[in-house]
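Working notes, beginning with the structure itself.
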Amino acid sequence: MALLTPLFAFLYHLPQVYKWLLKPYYIASLFMSIAFLAIRKTPGICDHLSTQREDGNPCDFDWREVEILMFLSAIVMMKNRRAITVEQHVGNIILFSKVANVILFFRLDIRMGLLYLTLCLVFLMTCKPPLYMGPEYIKYFSDKTIDDELEKDGRVTWIVEFFANWSPECQSFASVYADLSLKYNCAGLKFGKVDIGRYGEVSKRYKVSTSPLSKQLPSLVIFQGGKEIMRRPQVDKKGRAVSWSFTEENIIREFNLNELYQKSKKLNKKGEKANPSTFAPVPEEEEPEQPTTDAQNEEPESKKDK
């Protein structure tokens with residue numbers, strides 16, 4: 001079952017994967033991922049390679065190379081069990097294929113290993129995965145606009161993603177977050193994003209670490225009236241992020257999005273404020289004040305009719 005599930009998922013999304021592979025980044029990554037296989041199997045080139053096979057055939061894998069490939073394949077399958085999007089599945093395969101190529105090339109010839117490793121470093125510095133460009137209802141903040149926007153209307157609940165473009169986890173989560181914005185965006189519930197890799201001052205202000213070792217990217221935070229109500233992943237007293245899976249199901253359940261959406265979409269009609277008691281309070285922080293409005297003091301229309 002562990003083998004069949006990713007296989008069926010890959011076949012189901014094959015048309016989408018095919019479109020990705022047509023992009024320059026993935027075309028280059030594909031060639032780099034199969035580099036050792038191509039050299040080992042290409043007649044005229046493989047004849048000059050060394051081998052540890054008993055039959056002396058240099059154009060086929062020896063037992064050690066097969067062992068390395070099987071070991072890294074097992075790592076890919078374990079890593080893909082936690083992947084939430086097809087982009088993550090493909091990214092894990094490409095990443096560990098390159099790792100396998102580095103090991104195999106160094107084992108074959110140190111000069112070939114150094115050459116391939118140099119190509120990988122150049123590729124890493126010059127080529128970035130394509131950003132998500134699909135439909136979304138998301139407002140992008142800067143360091144100068146985020147505070148004013150969050151505090152402008154106390155009735156509006158904001159879900160804000162703190163991300164960095166260099167983070168693979170943020171890139172993979174982009175399509176999931178966009179889908180949520182399409183489903184749940186309304187007058188009283190809005191979605192925003194801020195690139196803390198670009199605006200470092202925002203990361204300090206909202207206490208989201210940009211360190212790759214912190215595991216705080218991406219971070220989702222709910223704000224009401226400019227005050228933080230809830231965030232995922234949670235951060236313990238030592239500043240370490242508690243591991244959390246950014247699946248659509250987890251976000252809907254933890255943030256209680258269905259109930260929040262039903263309350264928030266009534267703002268246009270009644271001008272009511274979403275109830276923050278829906279969420280767990282943030283530790284060591286005061287509860288956000290509830291600003292009163294004229295609409296809250298009025299009696300419901302149903303009572304007036306009676």
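For this chain, numbers begin at 1 and follow the sequence in order. Atom set for the values below is all heavy atoms of this structure, side chains included, hydrogens, waters and symmetry mates excluded. Just so it is clear, the model here is predicted, and its values are computed rather than measured.
A side-chain donor-acceptor contact under 3.5 Å links S181 to the backbone of A178. Judged by distance alone, with hydrogens and angles left aside, the side-chain atoms of Q216 form a donor-acceptor pair with the main-chain N or O of S209 at under 3.5 Å. Remark: side-chain polar atoms of Y116 are not paired, donor with acceptor, to backbone N or O of I103 under 3.5 angstrom. Between the side chain of R53 and the backbone N or O of F61 there is at least one donor-acceptor pair closer than 3.5 Å. Judged by distance alone, the side chain of N101 and the main-chain N or O of S97 form a donor-acceptor pair under 3.5 Å. Within the 3.5 Å criterion, the main-chain N or O of P58 finds a donor-acceptor partner in the side chain of R40. No donor-acceptor distance shorter than 3.5 angstrom exists from the side chain of S172 to the backbone of E169, with no hydrogens or angles considered.
Within 6.0 Å of atom CD1 in I110, 12 or fewer heavy atoms from other residues, nucleotides or ligands are found, so the atom counts as exposed in its surroundings. Within 6.0 Å of CZ in R198 there are 12 or fewer heavy atoms belonging to other residues, nucleotides or ligands. Annotation for K41: atom NZ counts as buried by contact number, over 12 foreign heavy atoms lying within 6.0 Å.
Clustering ILVMFWY residues whenever any of their side-chain heavy atoms sit less than 4.5 angstrom apart, transitively, puts V235 in a cluster other than the one holding V221. Cluster membership for M125 and Y25, using ILVMFWY side-chain heavy atoms within less than 4.5 angstrom, is not shared. If you chain together hydrophobic residues whose side chains sit under 4.5 Å apart, V208 and W166 fall into the same group. Note: the hydrophobic cluster containing L37 also contains M70 (ILVMFWY, side chain heavy atoms under 4.5 Å, direct or indirect links).
Ring-centre distance between F36 and F105: below the 6.0 Å cut-off. The aromatic ring centres of F123 and F31 sit 6.0 Å or more apart.
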Report the C-alpha distance between I39 and M112 in whole Å, list the side-chain angles of each, state the deciding distance to 0.1 Å, and finish with yes or no for side chain to side chain contact (heavy atoms under 4.5 Å, CB included).
-> CA-CA 11 Å; I39 291 177; M112 297 180 70; 4.0 Å; yes
Decide yes or no on side chain to side chain contact (heavy atoms under 4.5 Å, CB included) for E248 and V176, but give the supporting numbers first.
-> CA-CA 6 Å; E248 184 172 328; V176 177; 4.1 Å; yes
Does the pair Y177 and L220 meet the rule for a side chain to side chain contact (heavy atoms under 4.5 Å, CB included), with working shown?
-> CA-CA 10 Å; Y177 191 59; L220 282 184; 3.6 Å; yes
Test side chain to side chain contact (heavy atoms under 4.5 Å, CB included) applied to L180 and F255, step by step = CA-CA 12 Å; L180 288 171; F255 286 32; over 6 Å; no
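Screening K227, R205, K152 for a salt bridge (Lys or Arg N to Asp or Glu O under 4.0 Å) with D147, the sole residue that qualifies is R205. Between F141 and the options W158, F223, F191, a ring-ring contact (aromatic ring centres under 6.0 Å, His included) holds for only W158.
Here the CE atom belonging to M230 is positioned 9.5 Å from the CD1 atom belonging to I159, to the nearest 0.5 angstrom. Between the CG atom in N250 and the CZ atom in F246 there is a gap of 9.5 Å [rounded to 0.5 Å]. Atoms NZ and CZ, on K207 and R231 in that order, are 8.5 Å from each other to the nearest 0.5 Å. To the nearest 0.5 Å, atoms CG (D109) and CG (L49) are separated by 9.0 Å. Interatomic distance, CG of L104 versus CG of L69, reported as 5.5 Å (0.5 Å rounding). Rounded to the nearest 0.5 Å, atoms OG (S243) and CD (Q234) are 12.0 Å apart.
Using a 4.0 Å cut-off between a side-chain N of Lys or Arg and a carboxylate O of Asp or Glu, K190 and E149 do not qualify as a salt bridge. Under 4.0 Å is where a charged nitrogen must lie from a carboxylate oxygen, and between R107 and D62 at least one such pair does.
Residues passing the ring-ring contact (aromatic ring centres under 6.0 Å, His included) test with F163: none are found, sequence neighbours excluded.
Within the 4.5 Å cutoff, the side chain of C170 has no heavy atoms near those of the N165 side chain. Counting heavy atoms from C-beta outward, Y199 and K144 have side chains that stay 4.5 Å or more apart. In this structure the side chain of I93 never reaches within 4.5 angstrom of the side chain of S33, judged on heavy atoms. A 4.5 Å side-chain heavy-atom check between I146 and Y206 finds at least one atom pair inside the cut-off. Inter-residue side-chain proximity for V102 and K98 is flagged as unmet; no heavy-atom pair is nearer than 4.5 Å. In this structure, P233 and S219 have side chains that are in contact, with non-hydrogen atoms separated by less than 4.5 Å. Counting heavy atoms from C-beta outward, Y184 and L260 have side chains that stay 4.5 Å or more apart. Using a 4.5 Å cut-off on side-chain heavy atoms (C-beta onward), I222 and T157 make contact.
The shortest non-hydrogen separation linking A100 to L72 is CB-CD1, 3.0 Å. Across C59 and D47, no two heavy atoms sit closer than the pair SG-OD1, 3.4 Å. The two residues P218 and E161 have their closest heavy-atom pair at CB-OE2, 3.6 Å. Closest approach of S167 to L217, counting heavy atoms only: OG-CB, 4.1 Å. Nearest heavy-atom pair, Y261 versus L189, reported as atom, atom and distance to 0.1 Å: CA-CD2, 4.2 Å.
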